[in-house]
Amino acid sequence: MLEKRYSPHDVEKGKYEAWKNKGYFTSGDKSKNPFSMVIPPPNVTGKLHLGHAWNTTIQDIIARYKKMQGYDVLWLPGMDHAGIATQAKVMQKLVNMGIDVTTISREEFLKYAWEWKSEYANNIHEQWAKMGLALDYTRERFTLDEGLNLAVRKVFVDLYNKGLIYQGERIISWDPVQQTALSNIEVIHQDDEGYMYYFKYHIVDSDDYLEVATTRPETMFGDVCVCINPKDEKYAKYHGKDIKVINPANGEAIPLIEDDYVEIGFGTGAMKCTPAHDPNDFVIGKKYGLEMPIIFNKDASMNEKCGKYQGMDRFECREALLKDIAAKGDFIKQEKIIHAVGHSQRNNCVVEPMLSKQWFVKMKPLAEEAIKNQEGEDKVTFVPQRFENTFLQWMNNIEDWCISRQLWWGHRIPAYYHKVTGEVVVSMDPPEDIENYEQDTDVLDTWFSSGLWPFSTLGWPDKTDDLERYFPTSCLVTAYDIIFFWVSRMIFQSLNVTHRRPFKDVVIHGLVRDELGRKMSKSLGNGVDPIDVINEYGVDALRYFLTTNSTPGQDMRYSDEKVQSSANYLNKIWNSARYVLSVIPEGFKEEKLDLSNLSALDKWLLNRLMITINNVTVNMEKYDFNAASNHLYNFVYDDFCSQYLEMSKVKLNGDDEKASNITRTILLKSLRTIILLIYPYTPFIAEELYQNLPSHLESVMLESYPQVEKEFLDDSSDDEIDLLFSMIKEVRNYKITNQLSPSAKLGISISLKIKVSDDFLLYLNRFTFSNVQVVNDTSSLNGDMFSYNYGSLTPKSLTCLGSMEWTSSLKEVKSLEVKRCFLTLISYQRPLKKRSN
RNA sequence: GGACACUUAGUUCAGCGGGAGAACGCUUCCUUCACACGGAAGAGGUCACAGGUUCGAUCCCUGUAGUGUCCACCA
């Protein structure tokens, strides 16, 4: 027997372990068609947040739904080593432990990092369990495990041999805090307040000077020339002459170069050129074969090329330099500006463009392949579709990908340098005479290995059964903010390596924001811990809230009230189940239902039920969980609880045994269907209620998804039932607006223009507390006319369905003066479309 | 500078060529035996603005304004 109140924590207890131990999460039933997903591997850096909860719940719904549909579902779990983020956290931890991280060896550090990993992996496992995720743990992977390392090495070597990976000296974004190179998309451009500083660059052997502006005066130590446009009339007197100017930072004479690159009329028209610290200047430097002095140390302090400023932090140096130049009279002015400044995605420090030797992936050929693939049969379907544009736009404008990182935590680059000759060997395995070589000390960008995730986790490069069976995967679920980082990389890596798309569908969702619509962040302290929400409202309520409160691809606001409201809905289902089960006697035999033995109300309800199954299924197939759940919600509240369930009491209290048993059968059938339809969203309460059904399997997880039974798609009773509900509502409204008690007894005469069943009067009397009589001729009645419409289409289909008269035989009424009146019910036929979609 | 999204009830959001909806909040009534985490009946919206297409537009098109996000090397 169910408790009166739905108590989530009692319901949740023990179920996850039971499912898991029974092996319900394990894939591999070869008698079924496969359906596969890989989880977006969370970083092993911390706790899972609401975004993870949302992301994984969507996948869990899909997994459970597909399982019910008879698929062999593989949902593969795993975690990401998250190079920079994890290394930073582990380093911090070591500092806190009092360990000197400046002297620690690579091996020692990695030992600590692996300890960290196993600790955080545990946390994540616990959270997955709390969320109720049907993950196949027998296939769990880690982006840094041995199998994946093999895949990474293979891909690296293949790309290198194809000429798609190269080592080169180029301007990259340098993170001076982590002291590593970053890829372009790991740099976030923020509009920061800054200054444009104007300086005098004196012309050698002249009193004249050029006015040159910069936002980064400290880079002047790396200036190798000043550029003007050869057509700029402002500088006509310098054209074609061999002129040198004095760099006010260090007094060195540098050439004045004329190049079209400089835009006439922009700024002062004269541009300082620092090839090692600016991507544009780098191009000019290359063009003219200029020197490219690097002026920063790895931590972005000034190096030995900066004279007395050596050792200063770059920003300190800026201030000091400004003062010194001003003292010499060569500082003209400064203007406040707002400009885009690159920050590290990980630690928000200002990144420094810097010339550096790194490994790159040549992107053009890979991008072209990915773009072309979207035109063919094997394309990746984006849901919602508009995100395909986001993807294509990025692929169309992509630059080469810097993949080397100056870190320890990651896949080490399989390149070996000969100690004597300097020869570079790139190979899966170390050279046989390894003692003569040194392996590259860098590791790969984390996203390089996660880009292989959909096939590396299935055993690639080996031709495994899993790979054969589950790849390409069916579906991938992720938020829009990592389309560039991950989705697109999986697509081009997969196409290049396996010549197949990595997944058929990619379902994109938004971000969770706080109640005020702000991003949740540590610095704002507005994050919500899913575990807290679960402790307060239960995991099913959280899951239901997360997956039913936004449109695909849109952001969502977290709201305690909405989680509460979800819990209330579950309580509603709980109590409707309690009622249904309470009216089913021990050993009850279900009646065989067919249209001939059903009442108008029964037919109406079953029709609604079938339409609901259809609507839910259609939307589940579209990954529109909000729409799907709304259809079920409306059925549960309106059709089932408010109408059928209330009215069932009339039959069940009557003496028609057969009719009662049919009613019981329909109640059970509806309840069972509701449980099965809600189950993918809220598996815990569904399992609990399911176990209380008179007949059931070992677990709801073994059930099949409800199917539309066409014989019950019958709307022939809809007019009668709609009329009945309308009349009841109208009478109740009449009582309230006339300040009558709800149970006031009215005498009502009605004249009906459609044929109704015997039950009609029975229900009307019972639910209006009235004594209704049918009259054929309304002309003898007098009183006020009320008009009531429901639905509408065209005036042509207007049908007069009935009218009723009130009589004032009242008891216990507040106002005894009740007018005699007619209530005329007018019906337009509703458009069929509205009923069935 | 490009691109995308958003603007609908007091609030948060669905919907989308023909009926304007949900949740929460609000009003009135009801503790009748599934549920007060409830029930019944309501109030509340020129669906941002302006044009256009259409028999008909909240929905399609164009433009305007505002909001948000992403992308972009301009000194």
Side-chain angles (χ1 to χ4, degrees), chain A residues 2 4-7 171 184-185 188-189 196-198 212-216 219 226-227 261-263 266-274 278-283 339-340 342 353 384 386-387 389-390 393-394 397 399 480-481 483-484 510-511 513 515 517 519 537 541 545 548-551 553-562 564-583 624 626-627 630 633-634 637 641-642 645-646 649 653 728-737 739-743 767 769 789-794 828 830-831 833-834:
Chain A
L2 298 173
K4 182 166 174 182
R5 217 169 174 185
Y6 158 56
S7 154
I171 300 278
N184 297 349
I185 54 173
I188 299 181
H189 292 276
M196 183 69 80
Y197 305 94
Y198 293 79
V212 176
T214 180
T215 54
R216 296 189 296 153
T219 63
V226 169
C227 304
Y261 177 80
V262 180
E263 199 179 316
F266 187 91
T268 65
M271 182 187 96
K272 77 184 206 51
C273 174
T274 321
D278 184 284
N280 304 304
D281 298 1
F282 175 71
V283 174
H339 61 151
R386 69 185 141 90
F387 288 107
N389 299 336
T390 311
Q393 211 177 321
W394 192 65
N397 298 305
E399 308 242 333
Y480 61 71
D481 62 336
I483 292 176
F484 299 146
L511 309 174
R513 297 173 173 279
E515 307 214 19
K519 251 186 181 169
Y537 303 100
F545 160 74
T548 63
N549 272 281
S550 77
T551 319
Q554 294 296 120
D555 289 350
M556 171 179 41
R557 290 191 192 200
Y558 175 78
S559 150
D560 274 323
E561 280 147 26
K562 284 187 177 171
Q564 178 62 58
S565 158
S566 301
N568 291 352
Y569 173 44
L570 299 180
N571 184 59
K572 185 78 180 173
I573 293 178
W574 179 270
N575 273 292
S576 67
R578 218 161 65 84
Y579 167 77
V580 172
L581 297 173
S582 75
V583 301
D624 191 342
N626 181 27
N630 271 336
Y633 182 94
N634 290 335
Y637 266 93
C641 291
S642 295
L645 197 145
E646 289 302 327
K649 293 168 187 174
N653 291 331
I728 292 170
K729 193 174 201 173
E730 210 52 30
V731 173
R732 286 170 171 169
N733 186 17
Y734 180 86
K735 288 184 182 178
I736 283 182
T737 52
Q739 296 189 293
L740 303 176
S741 144
S743 55
F767 289 95
F769 295 93
N789 309 341
Y790 72 97
S792 76
L793 183 55
T794 62
Y828 297 99
R830 290 180 136 184
K833 209 176 130 200
K834 289 286 172 194

Q: Anything below 3.5 Å on both distances counts as a pair; with that, list the stems of at least three consecutive Watson-Crick or G-U pairs involving RNA chain B.
A: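 Consecutive-pair runs (3 or more) involving RNA chain B: B:1-7 with B:65-71, B:10-13 with B:21-24, B:26-30 with B:38-42, B:48-52 with B:60-64.
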
Q: Expressed in whole Å, how much space separates the C1' atoms belonging to B:rU7 and B:rA48?
A: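 Here B:rU7 and B:rA48 have their C1' atoms 6 Å from each other.
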
Q: Expressed as a whole number of Å, how far does the P atom of B:rC61 sit from that of B:rG25?
A: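 B:rC61 and B:rG25 have their P atoms separated by 37 Å.
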
Q: For the residue pair A:Asp281 and A:Thr274, what are the closest heavy atoms and their distance?
A: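 The pair with the smallest heavy-atom distance is OD2-N, 2.7 Å.
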
Q: Of the listed nucleotides (B:rC4, B:rC35, B:rA41), which one gets closest to any side-chain atom of A:Lys729?
A: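 Within the option list, the nearest is B:rA41.
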
Q: Think A:Lys572 forms a cation-pi with A:Tyr633, using NZ or CZ under 6.0 Å from the six-ring centre and within 45 degrees of its axis?
A: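 Output no; distance or angle outside limits.
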
Q: Take atom NZ of A:Lys572 and atom C1' of B:rA36, then tell me their distance rounded to the nearest Å.
A: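 Rounded to the whole Å, the gap is 11 Å.
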
Q: Walk me through it: do A:Asn397 and A:Gln393 pass the test side-chain hydrogen bond (donor to acceptor under 3.5 Å, both in side chains)?
A: CA-CA 6 Å; A:Asn397 298 305; A:Gln393 211 177 321; over 6 Å; no

Q: In whole Å, measure the gap between the C1' atoms of B:rG56 and B:rC24 for me.
A: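 So the two C1' atoms sit 35 Å from each other.
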
Q: Both A:Arg578 and A:Asn733 contact RNA chain B. Taking the nearest nucleotide for each, which residue is further toward the 5' end?
A: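 Result: A:Arg578.
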
Q: Please identify each residue that fulfils side chain to side chain donor-acceptor pair (under 3.5 Å) with A:Lys4, with sequence neighbours left out.
A: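 Result, side chain to side chain donor-acceptor pair (under 3.5 Å) vs A:Lys4: none returned.
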
Q: All N/O contacts under 3.5 Å from nucleotides 20-28 of chain B to the protein, with atom names and distances to one decimal?
A:
from   : atom 1 : to       : atom 2 : distance (Å)
B:rA23 : O2'    : A:Ser565 : OG     : 3.2

Q: What integer distance in Å separates A:Glu515:CD from B:rU11:P?
A: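 Distance check: A:Glu515 CD to B:rU11 P gives 16 Å.
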
Q: May I ask you to check whether A:Asn575 and A:Arg578 show a side-chain donor-acceptor distance below 3.5 Å?
A: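 Judged by distance alone, the side chains do pair up.
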
Q: What's A:Leu645 touching, base or sugar-phosphate or nothing? Going by heavy atoms closer than 4.0 Å.
A: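 Base: the residue A:Leu645, judged by heavy atoms under 4.0 Å, touches a nucleobase.
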
Q: Do you know which two heavy atoms are closest between A:Asn568 and A:Tyr637, and how far apart they sit?
A: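 Looks like O-OH, 4.2 Å.
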
Q: For B:rG17 and B:rU53, measure between their C1' atoms and round to the nearest Å.
A: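 Pairwise C1' distance, B:rG17 against B:rU53, rounds to 12 Å.
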
Q: Round to the nearest Å and state the distance from A:Asn575 atom CG to B:rG39 atom C1'.
A: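 It works out to 13 Å between those atoms.
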
Q: State whether A:Lys4 places a side-chain N or O below 4.0 Å from either non-bridging phosphate oxygen (OP1 or OP2) of B:rC35.
A: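 For B:rC35, OP1 or OP2 has a side-chain N or O of A:Lys4 closer than 4.0 Å.
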
Q: Each nucleotide in nucleotides 70-75 of chain B should get exactly one letter: B, S or -. Can you fill that in based on protein heavy atoms under 4.0 Å?
A: SS-BBB

Q: Think A:Thr551 has a side-chain N or O under 4.0 angstrom from the OP1 or OP2 of B:rA14?
A: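 The answer is yes; a side-chain N or O of A:Thr551 sits under 4.0 Å from OP1 or OP2.
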
Q: Rounded to whole Å, how long is the line connecting atom CZ of A:Arg513 with atom C1' of B:rC6?
A: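 About 12 Å, once rounded to whole Å.
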
Q: Run the side chain to side chain donor-acceptor pair (under 3.5 Å) test against A:Tyr480 and tell me which residues pass, sequence neighbours left out.
A: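 Checked A:Tyr480 against side chain to side chain donor-acceptor pair (under 3.5 Å); matches are A:Asp555.
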
Q: Rounded to whole angstrom units, what separation is found between the CG atom of A:Asp560 and the C1' atom of B:rU11?
A: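 The answer, rounded to whole Å, is 15 Å.
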
Q: What's the shortest heavy-atom distance between A:Lys649 and A:Tyr579, and which atoms?
A: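 What the structure gives for the nearest pair is CG-OH, 3.4 Å.
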
Q: Taking the P atom in each of B:rG51 and B:rA22, what is the distance between them to the nearest angstrom?
A: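 Looking at atom P only, B:rG51 and B:rA22 are 31 Å apart.
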
Q: Do A:Met271 and A:Asn280 touch side chain to side chain, with heavy atoms closer than 4.5 Å?
A: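 Answer no - side chains too far apart.
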
Q: Under 4.0 angstrom, heavy atoms only, what part of the nucleic acid is A:Tyr637 near: base, sugar-phosphate, or nothing?
A: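 Result for A:Tyr637 = sugar-phosphate.
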
Q: Say whether, by atom type as modelled, one donor and one acceptor occur between the side chain of A:Asn571 and the main chain of A:Tyr6 under 3.5 angstrom.
A: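 Between the backbone of A:Tyr6 and the side chain of A:Asn571 there is a qualifying donor-acceptor contact (under 3.5 Å).
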
Q: For A:Ala340 versus A:His189, what's the shortest heavy-atom pair and its separation?
A: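 So the minimum-distance heavy-atom pair works out to CB-CB, 4.3 Å.
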
Q: What is the nucleic acid contact for A:Cys273, judged by heavy atoms within less than 4.0 Å: base, sugar-phosphate only, or nothing?
A: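 Nothing, no heavy atom under 4.0 Å.
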
Q: Taking the C1' atom in each of B:rU58 and B:rG18, what is the distance between them to the nearest angstrom?
A: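 Looking at atom C1' only, B:rU58 and B:rG18 are 12 Å apart.
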
Q: Considering only atom C1', compute the distance from B:rG68 to B:rC74 and round it to an integer number of Å.
A: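 Those two atoms are separated by 26 Å.
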
Q: Please give, in whole Å, the distance from B:rG39 C1' to A:Asn571 CG?
A: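 It is 14 Å, rounded to the nearest whole Å.
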
Q: Could you tell me whether A:Glu646 contacts a base, only the sugar-phosphate backbone, or nothing, with contacts defined as non-hydrogen atoms closer than 4.0 Å?
A: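 The answer is base, as A:Glu646 lies within the cut-off (heavy atoms under 4.0 Å) of a base atom.
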
Q: Checking the side chain of A:Ser559 only, and the main-chain atoms of A:Lys562 only, is there a donor and an acceptor separated by less than 3.5 Å?
A: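 Answer holds: yes.
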
Q: Taking only residues two or more places apart in sequence, or in another chain, which ones meet A:Phe282 in a ring pair (Phe, Tyr, Trp, His ring centres under 6.0 Å)?
A: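 A:Phe282 satisfies ring pair (Phe, Tyr, Trp, His ring centres under 6.0 Å) with no other residue.
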
Q: Does B:rA5 have OP1 or OP2 sitting under 4.0 Å from an N or O in the side chain of A:Arg386?
A: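 Looking at the OP1 and OP2 atoms of B:rA5, neither is under 4.0 Å from any side-chain N or O of A:Arg386.
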
Q: Taking the same atom, P, in B:rC49 and in B:rU11, what whole-Å distance lies between them?
A: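 Each nucleotide's P atom is 16 Å from the other's.
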
